[in-house]
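Presented below is the structure to which this report refers.
For the single chain, residues carry numbers from 1 onward in sequence order.
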Amino acid sequence: DKFVELTERQIALLKEQREVIINDSVTKGVNKNVEYKDSGIDWIGEIPTHWEITRLKYVLNNKTEKDRVLKDNQVYIGLANIESKTGSIINADNDIKIESDSPKFKEGDILFGKLRPYLSKVAIALNNGLCSGEILVLRNKNSIVFKKYIFYRLLSYDFINIVNTSTYGSKMPRAEWSFISSLKINVPPKKEQEEIVAYIEKETSKIDRTI
């Protein structure tokens, strides 16, 4: 029992380290030998001087098209199918009866859980399909932004925390796209975005293997 308790404590620390790697990388970059400036945004703080700031609505579209019939090779994704804080999609179902119109998504869309956003349910769709109405379907519309960078920016705990401050409803707290889309985020040059993503995936994969 003591061994199990110790192992679980180590896993919790590793998961926390994973979150820190993602957050630090998308807010400060991977090259720490640069000058910084005040972003002008309290929840972001300082960023490298050559990074820009833009509102999320200029980067992502919220897709609202719906359907209730799964076609061949499509899957249904509910909140339970998105693992908290990792972006992994687990046990997506392609044999389910859908009772009501559900948001449609395409491979590569970012799925963002708006119900209880503190759970950090954010993922990149691996297939086409339909999802829960509690999930926002976000599609990259800006060629200067690398999709995976935006995914990690939305998964980072400082972004999740600021979204969580906007929720309404005590039992089933939800965030709305109107608030999320108005948020300003930091945007490095595209080449640097790709370097940040490569670093995050290299470092987090080590942690995942250890866990």
Side-chain angles (χ1 to χ4, degrees), residues 11 14-15 18-19 22 26 56-57 59-143 145-157 159-160 163-164 167 169 171-181 193-194 197-198 200-211:
I11 289 173
L14 285 166
K15 287 181 177 179
R18 193 182 196 281
E19 290 182 66
I22 293 172
V26 296
L56 200 59
K57 64 184 176 182
V59 176
L60 295 171
N61 276 325
N62 177 31
K63 309 304 290 184
T64 57
E65 188 180 356
K66 296 184 177 183
D67 202 344
R68 66 171 63 189
V69 179
L70 283 175
K71 299 177 175 59
D72 291 343
N73 301 318
Q74 291 188 336
V75 296
Y76 179 84
I77 294 178
L79 285 173
N81 301 119
I82 301 177
E83 189 173 41
S84 292
K85 302 180 180 181
T86 71
S88 296
I89 295 175
I90 48 179
N91 301 322
D93 202 340
N94 59 3
D95 184 21
I96 184 172
K97 184 178 180 181
I98 301 172
E99 301 292 342
S100 59
D101 289 347
S102 301
K104 294 175 67 173
F105 62 82
K106 291 183 178 180
E107 178 183 350
D109 286 344
I110 296 174
L111 307 178
F112 187 94
K114 64 179 181 177
L115 176 66
R116 300 189 179 97
Y118 57 82
L119 294 175
S120 303
K121 300 227 170 195
V122 189
I124 295 179
L126 304 177
N127 311 82
N128 295 349
L130 305 177
C131 64
S132 163
E134 302 293 357
I135 294 174
L136 295 172
V137 177
L138 307 176
R139 191 168 298 164
N140 191 351
K141 68 175 183 179
N142 192 323
S143 61
V145 178
F146 184 38
K147 176 174 56 188
K148 276 198 169 183
Y149 171 79
I150 290 296
F151 158 69
Y152 283 116
R153 192 67 189 93
L154 269 57
L155 187 64
S156 62
Y157 61 72
F159 185 85
I160 292 295
V163 170
N164 198 50
T167 58
K171 291 185 178 179
M172 303 281 279
R174 289 180 178 83
E176 292 294 341
W177 175 243
S178 57
F179 174 85
I180 296 171
S181 66
Q193 293 173 41
E194 294 171 351
V197 168
I200 288 173
E201 295 189 340
K202 176 185 174 184
E203 295 302 314
T204 56
S205 66
K206 294 177 186 175
I207 291 173
D208 292 340
R209 284 197 300 272
T210 304
I211 290 173

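A distance-only check finds a donor-acceptor pair linking the side chain of Asn81 to the backbone of Ile90 [under 3.5 Å]. The backbone N or O of Val137 sits nowhere less than 3.5 Å from a side-chain atom of Lys63 that would complete a donor-acceptor pair. Remark: the backbone N or O of Lys141 is not paired with any side-chain donor or acceptor of Asn61 at under 3.5 angstrom. With hydrogens and angles disregarded, no donor-acceptor distance shorter than 3.5 Å links the side chain of Thr204 to the backbone of Lys202. Not one N or O on the side chain of Gln193 forms a donor-acceptor pair closer than 3.5 Å with the backbone of Tyr149. Between the side chain of Lys121 and the backbone N or O of Leu79 there is at least one donor-acceptor pair closer than 3.5 Å.
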Criterion side chain to side chain contact (heavy atoms under 4.5 Å, CB included) on Ile77 and Phe105, from CA distance to verdict: CA-CA 10 Å; Ile77 294 178; Phe105 62 82; 3.7 Å; yes

Chi angles and distances behind the side chain to side chain contact (heavy atoms under 4.5 Å, CB included) call for Phe159, Val122: CA-CA 12 Å; Phe159 185 85; Val122 189; over 6 Å; no

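Taking CD from Glu65 and CG from Asp101, the interatomic distance works out to 11.0 Å, rounded to the nearest 0.5 Å. To the nearest 0.5 angstrom, Leu138 atom CG is 8.0 Å from Leu111 atom CG. Between the CZ atom in Phe151 and the CZ atom in Phe146 there is a gap of 11.5 Å [rounded to 0.5 Å]. The distance from atom CZ of Phe112 to atom CD1 of Ile180, rounded to the nearest 0.5 Å, is 4.5 Å. A distance of 7.5 Å separates CG of Leu126 from CD of Glu107, quoted to the nearest 0.5 Å. Atom CG of Leu130 is separated from atom CZ of Arg68 by 11.0 Å, given to the nearest 0.5 angstrom.
Residues that satisfy the side chain to side chain donor-acceptor pair (under 3.5 Å) test with Arg18, not counting sequence neighbours, are Asp208. In this view, Glu134 and Arg174 satisfy the salt bridge (charged side-chain N to carboxylate O under 4.0 Å, His left out) rule, not counting sequence neighbours.
Between Ala125 and Ile89, the closest heavy-atom pair is CA-CD1, 4.2 Å.
Counting heavy atoms from C-beta outward, Lys114 and Phe179 have side chains that stay 4.5 Å or more apart. Pro103 is not listed as a side-chain neighbour of Ile135, based on a closest heavy-atom distance of 4.5 Å or more. No side-chain heavy atom of Asp109 sits under 4.5 Å from any side-chain heavy atom of Ile124.
The one candidate from Leu136, Leu154, Leu155 that meets the side-chain contact (heavy atoms from CB on, under 4.5 Å) condition with Ile110 is Leu154.
No more than 12 heavy atoms of other residues, nucleotides or ligands sit less than 6.0 Å from atom NZ of Lys106. Around atom NZ of Lys148, no more than 12 heavy atoms belonging to other residues, nucleotides or ligands sit under 6.0 Å away.
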